[in-house]
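A note on names: the letters A, B, ... follow the listed sequences, proteins ahead of strands, and every chain is numbered from 1. What's counted below: heavy atoms across the whole structure, side chains too, no hydrogens, waters or symmetry copies.
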Protein chains: 2
Amino acid sequence: MIITKTQISDMEKLYKAKLINSLSGFKSANLIGTINKKGITNLALFSSVLHVGANPPLMGVLFRPLSAIRHTYDNIKETKHFTINHVSKNIYQSAHQTSARYDENTSEFSACGLTEEYSQTIKAPYVKESKIKIGLEYVEEHHIKANDTVFLVGEIIEAILPDDIVNADGYIDLESAGTLTISSLDGYHGTKLINRLSYAKTDKDLKAL
Amino acid sequence: MIITKTQISDMEKLYKAKLINSLSGFKSANLIGTINKKGITNLALFSSVLHVGANPPLMGVLFRPLSAIRHTYDNIKETKHFTINHVSKNIYQSAHQTSARYDENTSEFSACGLTEEYSQTIKAPYVKESKIKIGLEYVEEHHIKANDTVFLVGEIIEAILPDDIVNADGYIDLESAGTLTISSLDGYHGTKLINRLSYAKTDKDLKAL
């Protein structure tokens with residue numbers, strides 16, 4: 001079937017959200033931890049975390065329109081720090097529950113049964129139950145005019161993860177850490193490695209690593 | 001283990017790339033098809049396609065630094081159109097091979113054994129072998145100063161996909177379409193659905209859909 005621009009425009013709102021959210025493919029599943037100046041923590045599920053670059057080490061997050069309530073964004077602007085914590089099977093229901101509309105004086109950590117953990121370096125809370133955790137500092141942001149969203153970039157200050165999932169070449173075995181992937185608004189998937197492939201060259205065949 | 005900012009900075013280049021590329025979690029696996037004014041087509045693998053919004057329907061792509069050769073970016077700027085095509089198991093090796101450095105007069109379609117397909121609406125070529133295909137038009141772009149990359153946003157003009165993978169509520173069953181997900185620079189994974197979860201509310205328990 002071909003779905004046209006006009007058909008998309010005419011779709012019921014939630015139907016459209018589920019359909020269009022599916023089209024980009026599988027998404028990362030991360031909890032972003034922050035704290036405000038009053039010391040109230042916040043934890044929110046994001047499927048819009050993106051690798052931005054390795055040198056310097058950067059990650060990006062797309063935030064909803066400025067008109068919506070966005071405690072995570074506001075806290076990052078206040079304190080400059082945030083944490084990104086991988087969602088795995090043991091915590092995916094708690095992670096999903098953080099997307100409920102708790103008021104700003106309620107921490108999703110306690111409301112959803114997850115545990116705050118702190119490092120020496122980053123003011124924002126990590127999720128203790130998460131196996132792969134990254135601490136970041138605000139770098140820059142960009143306002144997407146077409147829909148009033150914000151793409152925010154942070155620099156990786158530290159990463160906390162088990163030793164035994166980092167391969168000799170630097171590849172992190174996300175699958176053995178149990179990291180999940182998200183489809184559309186609400187689908188949670190485990191993964192099964194098919195292959196790692198060698199660096200592609202125009203004059204050589206690919207090999208499975 | 002804790003990996004510090006200084007340790008990251010001191011890492012060997014490829015090790016660092018594989019490690020930092022792993023930290024954002026699982027990534028989307030898409031082929032972007034474009035054509036230049038001379039009619040030469042280009043096809044390139046991207047793991048940096050991001051859902052930007054449903055209303056209007058928008059997707060974003062992060063491009064490498066302006067200093068690198070970027071035929072895809074240049075072609076989009078020339079013709080305003082591009083296609084995003086999901087990578088599934090039957091084409092993942094060809095998809096990976098598109099990342100080899102072919103010169104600008106060689107189309108990755110023919111070089112990598114994939115087939116061009118055209119719609120009435122979009123100038124850029126689709127990948128015939130891909131099950132989920134999206135045609136987009138350039139909207140805006142943002143220059144990430146921290147590493148000279150570009151985040152480009154396009155509007156969805158049409159989507160081409162099998163009827164039987166769109167659920168009654170708009171959710172697209174990417175798994176039954178065989179869409180893969182990528183880890184780090186070179187890991188290709190199939191997925192296995194754990195659950196879809198109901199919309200989270202502060203006063204209700206989650207249900208599996």
Side-chain angles (χ1 to χ4, degrees), chain A residues 1-5 8 15-26 28 49-51 53-54 57-59 86 93 96-97 99-100 102 134 139 142 146-147 151 157-160 163 169-172 174 179 181 183-184 186-197 200-202 206, chain B residues 1-5 8 15-26 28 49-51 53-54 57-59 86 93 96-97 99-100 102 134 139 142 146-147 151 157-160 163 169-172 174 179 181 183-184 186-197 200-202 206:
Chain A
M1 66 196 283
I2 298 184
I3 303 174
T4 65
K5 188 177 166 176
I8 293 171
Y15 182 97
K16 189 195 299 191
K18 287 180 183 170
L19 184 96
I20 303 298
N21 264 280
S22 304
L23 288 177
S24 57
F26 286 102
S28 53
V49 167
L50 193 68
H51 168 80
L58 301 170
M59 290 166 85
H86 284 209
Q93 286 166 310
H96 190 76
Q97 184 60 35
S99 60
Y102 296 100
I134 305 110
V139 173
H142 298 270
N147 69 345
F151 187 67
I157 304 300
E158 65 183 5
I160 306 172
D163 294 42
D169 66 349
Y171 175 91
I172 300 175
L174 302 181
T179 299
T181 179
S183 66
S184 189
D186 54 27
Y188 293 84
H189 306 251
T191 64
K192 179 87 179 62
L193 182 68
I194 297 169
N195 254 326
R196 291 185 64 197
L197 293 178
K201 304 210 166 202
T202 55
L206 293 172
Chain B
M1 67 196 283
I2 298 186
I3 303 175
T4 65
K5 189 177 165 176
I8 293 171
Y15 182 97
K16 187 194 299 190
K18 287 179 184 172
L19 185 96
I20 302 298
N21 265 280
S22 304
L23 289 177
S24 56
F26 286 102
S28 53
V49 168
L50 193 67
H51 169 79
L58 301 169
M59 292 168 83
H86 283 210
Q93 286 166 310
H96 189 77
Q97 183 61 34
S99 60
Y102 296 100
I134 305 111
V139 172
H142 298 270
N147 70 345
F151 187 68
I157 304 300
E158 65 182 5
I160 306 172
D163 294 40
D169 66 348
Y171 175 90
I172 300 176
L174 301 181
T179 299
T181 179
S183 66
S184 188
D186 54 27
Y188 292 85
H189 307 251
T191 65
K192 179 87 178 63
L193 182 69
I194 296 168
N195 253 327
R196 291 185 63 195
L197 294 178
K201 304 213 167 201
T202 55
L206 292 173

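- At a threshold of 4.5 Å between non-hydrogen side-chain atoms, the residues B:L206 and A:Q97 count as touching.
- Heavy-atom distances place both the backbone and the side chain of A:I2 under 4.5 Å from chain B.
- A:Y188 pairs by the ring-ring contact (aromatic ring centres under 6.0 Å, His included) definition with A:Y92, A:H96, not counting sequence neighbours.
- Closest of all the heavy-atom pairs between B:A54 and A:A17 is CB-CA, 3.9 Å.
- Here the side chains of B:K18 and A:D169 are in contact, with some heavy-atom distance below 4.5 Å.
- B:L193 touches chain A through backbone and side chain together, each having a heavy atom under 4.5 Å away.
- Using a 4.5 Å cut-off between heavy atoms, B:K201 touches chain A through its backbone atoms (N, CA, C, O) alone.
- Between chain B and the residues A:T202, A:D186, A:V49, the most heavy-atom pairs under 4.5 angstrom are made by A:D186.
- Considering only heavy-atom pairs separated by less than 4.5 Å from chain B, the leading option among A:S183, A:A200, A:G53 is A:A200.
- Interface residue A:Y102: backbone and side-chain heavy atoms are both found under 4.5 Å from chain B.
- Ranked by heavy-atom pairs shorter than 4.5 Å toward chain B, the options A:T4, A:V139, A:T181 are led by A:T181.
- The shortest heavy-atom contact between B:G170 and A:S22 is O-OG, 4.4 Å.
- Interface remark: B:I160 contributes backbone and side-chain atoms alike to the contact with chain A (heavy atom separation under 4.5 Å).
- Your options are A:K16, A:H51, A:E158, and the one with the most heavy-atom pairs under 4.5 Å with chain B is A:H51.
- Within 6.0 Å of atom NZ in B:K5, 12 or fewer heavy atoms from other residues, nucleotides or ligands are found, so the atom counts as exposed in its surroundings.
- Not less than 6.0 angstrom separates the ring centroid of A:F26 from the ring centroid of B:F26.
- Contacts between A:I134 and chain B at a heavy-atom distance below 4.5 Å involve the side chain alone, from C-beta outward.
- Between the side chain of B:S28 and the main chain of A:G25, no donor-acceptor pair closer than 3.5 Å is present.
- In plain terms, the two heavy atoms of B:G187 and A:Y171 that are nearest each other are CA-OH, 4.1 Å.
- Ranking B:N195, B:L174, B:L197 against chain A, the residue ahead of the rest is B:L197, based on heavy-atom pairs under 4.5 Å.
- Nearest heavy-atom pair, A:P57 versus B:I8, reported as atom, atom and distance to 0.1 Å: CG-CG2, 3.8 Å.
- Considering only heavy-atom pairs separated by less than 4.5 Å from chain B, the leading option among A:A159, A:S99, A:S184, A:A146 is A:A159.
- The backbone N or O of A:S24 lies less than 3.5 Å from no partner atom in the side chain of B:H86, so there is not a single donor-acceptor pair.
- Summarising the geometry, atom NE2 belonging to A:H189 is positioned 8.5 Å from atom CD1 belonging to B:I194; distances are rounded to the nearest 0.5 Å.
- The side chain to side chain contact (heavy atoms under 4.5 Å, CB included) test with A:I172 singles out one residue from B:N21, B:I20, B:L23, and that residue is B:L23.
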